[in-house]
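Every value quoted in this text rests on a predicted model; they were computed, and no experiment measured them.
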Amino acid sequence: MSRVEDFPDVLPLEDHQGNPVGLFRDHGAWFGLRFGRRATLEVCELLNPRRHLLHLGADAVRHTIWADALEAELENGARIRAAFASEDAAVVEYLHGEPPDVFSDLPFEVVPGGEGRWLVVVAPEGGAVRDPDAFERNRHRWNDWFARAFHQSRFQGWRLGEELLARAVTTLMWNWLQPKGDLGGGGVLSSPFTEIRFWAWDSWKHAHALSFVDPRRGVEQLRTMLSEQDAAGMIPDTACYHHGQVNWRNTKPPQVAWALEALWWSLDQDPEILDEWLYATIRSLEWWDLNRRCSGEILVRPGGKDFKTAVWDSGWDDSVRFQGVEMVPHGSWRLLDTWPVDLNCFSLVECEAAARLTAAGGWEPLPWQLAGRQFRRAIGEFLWNPKLAYFADFRPSQRRSITVQSAATWLPAWARMVDSEQAQSLREQLLDPTKFNTPTPFPSLAADSRPFQEDGFWNGSVWLDYAAMAIAWLGEDGEEPARRLLETVHRHGALFECYGAVHGQPCHGERRALAQFAGTAAAIVELAHGGPLAHPYST
């Protein structure tokens with residue numbers, strides 16, 4: 001069994017150039033700590049760009065970063081430990097013959113803790129907590145998370161994989177936020193270096209991964225997004241600290257039933273989970289049926305209030321997959337003239353998960369069973385292009401495929417709906433170095449496609465959520481590229497949003513990849529347990 005103490009310096013707080021790539025947090029606090037350049041520590045509030053100083057009379061000269069605490073030796077010979085006593089207060093243990101000379105622009109309190117020991121409690125919003133036992137309690141709590149995540153992990157015995165899994169669990173839990181403001185619950189923030197909001201698509205993936213770490217928190221992640229659901233069943237793109245910032249102009253691909261089923265199984269098929277969230281899940285799928293499918297069609301389309309938000313609806317933001325695609329009106333929405341492969345595979349997996357969940361919950365599963373069969377038939381009929389020998393997005397108005405070969409091409413294999421001929425073709429393309437088996441494998445666009453850009457985010461960079469789906473399906477054939485991918489991710493310490501398919505660096509083009517990225521952490525947790533499988537519970 002792996003423990004927190006097995007992984008010193010689990011996540012860097014800054015890179016070799018001194019740029020921040022990590023923020024130490026715990027208990028869902030809305031502020032974090034890192035070692036300072038002008039003080040011993042800096043306190044960073046998520047809703048305020050200002051950094052607050054916490055100086056203890058000397059700078060840190062040597063430090064160790066654990067998942068649950070920061071440790072350092074100061075220039076004056078003192079030793080410190082920093083951790084969180086609650087969501088509202090951080091506590092620093094100061095060991096020295098003399099008490100600390102504390103300076104901070106935040107409220108603080110110095111509490112004697114015995115001979116040569118002082119506790120400095122910092123509470124940005126007041127209400128300091130005296131808790132000399134916080135360090136021990138935190139270590140026990142974190143070891144429970146590590147024990148669950150490492151249980152039956154496929155990375156056991158592989159040191160690099162174990163370190164990555166420790167980083168992934170740490171990233172997820174450092175990114176956890178307690179409810180605050182207008183948020184209906186807690187959840188995993190995509191990154192502390194982005195806007196402070198929860199994105200629906202990210203949330204489904206975080207919740208699914210939490211089924212291996214802390215499923216109760218995974219359920220709360222669902223609660224936070226589903227609490228925003230409107231009367232029609234729509235789940236907005238985001239859940240925000242202020243309701244006025246919630247993005248209702250689009251949603252994100254449906255994966256809530258997929259996440260709910262994983263959490264339900266992890267919680268021993270607790271009937272209360274279905275009692276609480278199955279109805280909202282079904283309403284979401286019914287909303288998709290009415291608002292993202294044109295009359296007489298089976299397959300669904302991305303939509304929004306305009307082209308930009310319709311592309312956001314796909315989850316891919318700026319991909320060349322959608323260049324030149326026109327829009328069609330559909331009620332109060334405008335839909336793209338495309339049936340994307342991945343969006344429809346997610347919808348297929350959702351329907352089949354909904355069928356199993358409704359049957360377990362005492363509902364009638366037949367409508368979702370039939371919907372799943374219709375998706376399977378239509379994906380095979382319209383999205384498999386035998387001339388291209390891969391699954392491709394389809395333009396209904398022109399009755400032709402869009403030939404951009406993207407990471408979506410392997411989603412039907414992930415959804416377990418390919419025949420032997422299709423499987424062979426996909427396998428060959430995934431393992432082809434000129435297409436997807438690049439130095440950092442499984443980019444979002446095939447490397448031999450004209451619009452490929454390795455720093456182009458969704459136009460060529462490697463995103464681990466999609467890469468993990470390829471690895472999960474490839475099985476033994478994917479072990480070597482999977483190892484190569486994980487070695488690249490490991491090399492950079494912090495977990496980033498996406499990586500260049502050739503140079504392997506975190507993307508640094510027009511848009512730089514975010515650090516301490518929970519989506520990458522979720523994919524690593526999934527890979528440690530076989531990958532983000534579409535149907536792990538079906539018989």
Side-chain angles (χ1 to χ4, degrees), residues 182-185 187 197-204 207 219-261 273-315 327-340 343-344 346-355 357-358 361 363-368 370-372 374-375:
D182 293 331
L183 289 170
R197 59 180 65 195
F198 300 135
W199 276 267
W201 204 23
D202 299 55
S203 292
W204 313 141
V219 172
E220 187 169 355
Q221 180 93 61
L222 294 188
R223 178 179 293 113
T224 301
M225 290 307 310
L226 292 174
S227 67
E228 298 288 348
Q229 189 175 41
D230 70 9
M234 178 183 175
I235 300 169
D237 182 26
T238 56
C240 301
Y241 177 77
H242 294 296
H243 271 148
Q245 297 174 336
V246 173
N247 178 23
W248 287 99
R249 294 174 293 165
N250 59 277
T251 181
K252 280 293 193 292
Q255 288 189 288
V256 60
W258 170 72
L260 177 63
E261 187 177 25
I273 303 299
L274 297 188
D275 289 345
E276 186 174 8
W277 299 117
L278 184 53
Y279 177 64
T281 301
I282 296 305
R283 286 175 59 225
S284 171
L285 292 177
E286 291 173 341
W287 181 90
W288 269 88
D289 184 60
L290 290 173
N291 293 278
R292 293 296 186 263
R293 177 186 284 117
C294 290
S295 177
E297 297 179 354
I298 294 172
L299 299 177
V300 293
R301 311 171 179 225
K305 295 302 181 181
D306 50 30
F307 183 83
K308 181 178 182 179
T309 54
V311 173
W312 288 351
D313 209 66
S314 75
M327 305 196 75
V328 297
H330 184 71
S332 61
W333 300 99
R334 302 187 69 201
L335 306 185
L336 291 175
D337 179 30
T338 181
W339 293 331
L343 175 59
N344 282 283
F346 290 135
S347 299
L348 159 64
V349 169
E350 282 292 278
C351 289
E352 294 182 339
L357 291 172
T358 49
W363 297 26
E364 174 53 63
L366 184 59
W368 303 108
L370 293 175
Q374 289 179 326
F375 269 113

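- Remark: Leu290 engages no residue in a side chain to side chain contact (heavy atoms under 4.5 Å, CB included) (not counting sequence neighbours).
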Problem - Criterion side chain to side chain contact (heavy atoms under 4.5 Å, CB included) on Trp204 and Ile235, from CA distance to verdict - result: CA-CA 12 Å; Trp204 313 141; Ile235 300 169; 3.9 Å; yes
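- At least one side-chain heavy atom of Met234 sits less than 4.5 Å from a side-chain heavy atom of Trp248.
- Cation-pi geometry between Arg249 and Trp312 is not met: the NZ or CZ atom fails to fall both under 6.0 Å from the ring centre and inside 45° of the normal.
- If you check the side chains of Gln255 and Trp201, you find a donor sitting under 3.5 Å from an acceptor.
- Between Leu335 and Cys294 there is a side-chain heavy-atom pair separated by less than 4.5 Å.
- Leu278 and Gly361 make their closest contact through CD2-CA, 4.5 Å (heavy atoms, listed as atom of the first residue, atom of the second, distance).
- The minimum heavy-atom distance between Pro254 and Glu350, with the atom names listed, is O-CG, 3.2 Å.
- Pro302 has its side chain within reach of Thr338: a pair of non-hydrogen atoms, C-beta onward, lies under 4.5 Å apart.
- The minimum heavy-atom distance between Gly184 and Ser227, with the atom names listed, is CA-OG, 3.6 Å.
- Taking the side chain as every heavy atom from C-beta outward, Arg292 and Asp313 approach each other to under 4.5 Å.
- Considering every non-hydrogen atom in both Leu274 and Leu357, the closest pair reads CD2-CD2, 3.7 Å.
- Between the CG atom in Leu183 and the CZ atom in Phe198 there is a gap of 5.5 Å [rounded to 0.5 Å].
- Expressed to the nearest 0.5 Å, how far CH2 of Trp368 lies from CD of Glu286 amounts to 5.0 Å.
- To the nearest 0.5 angstrom, Trp277 atom CH2 is 5.0 Å from Arg223 atom CZ.
- For the salt bridge (charged side-chain N to carboxylate O under 4.0 Å, His left out) condition, the pairs that include at least one residue of residues 294-306, sequence neighbours left out, are Glu297-Arg301, Arg301-Asp337.
- Partners of Arg334 by salt bridge (charged side-chain N to carboxylate O under 4.0 Å, His left out), not counting sequence neighbours: none found.
- A pairwise comparison of heavy atoms in Val256 and Ser284 identifies CG1-OG, 4.4 Å as the closest pair.
- For the atom pair CZ (Arg197) and OG1 (Thr238), the distance works out to 4.5 Å, reported to the nearest 0.5 Å.
- Contact check for Trp288 versus Leu343: side-chain heavy atoms found under the 4.5 Å cut-off.
- Contact between Phe346 and Pro253 at its shortest, heavy atoms only, is CD1-CB, 3.9 Å.
- Atom CZ of Phe307 has more than 12 heavy atoms from other residues, nucleotides or ligands within 6.0 Å.
- For the residue pair Arg283/Gln229, the side-chain donor-acceptor check at 3.5 Å is satisfied.
- The closest side-chain heavy-atom distance from Phe375 to Glu352 is not below 4.5 Å.
- Atom CG of Leu299 is separated from atom CG of Leu348 by 10.0 Å, given to the nearest 0.5 angstrom.
- Between atom CD of residue Gln245 and atom CG of residue Asp182 there is a gap of 9.0 Å, rounded to the nearest 0.5 Å.
- Val300 is listed as a side-chain neighbour of Ser347, based on a closest heavy-atom distance under 4.5 Å.
- Between the side chain of Thr224 and the backbone N or O of Gly185, at least one donor-acceptor pair lies under 3.5 Å.
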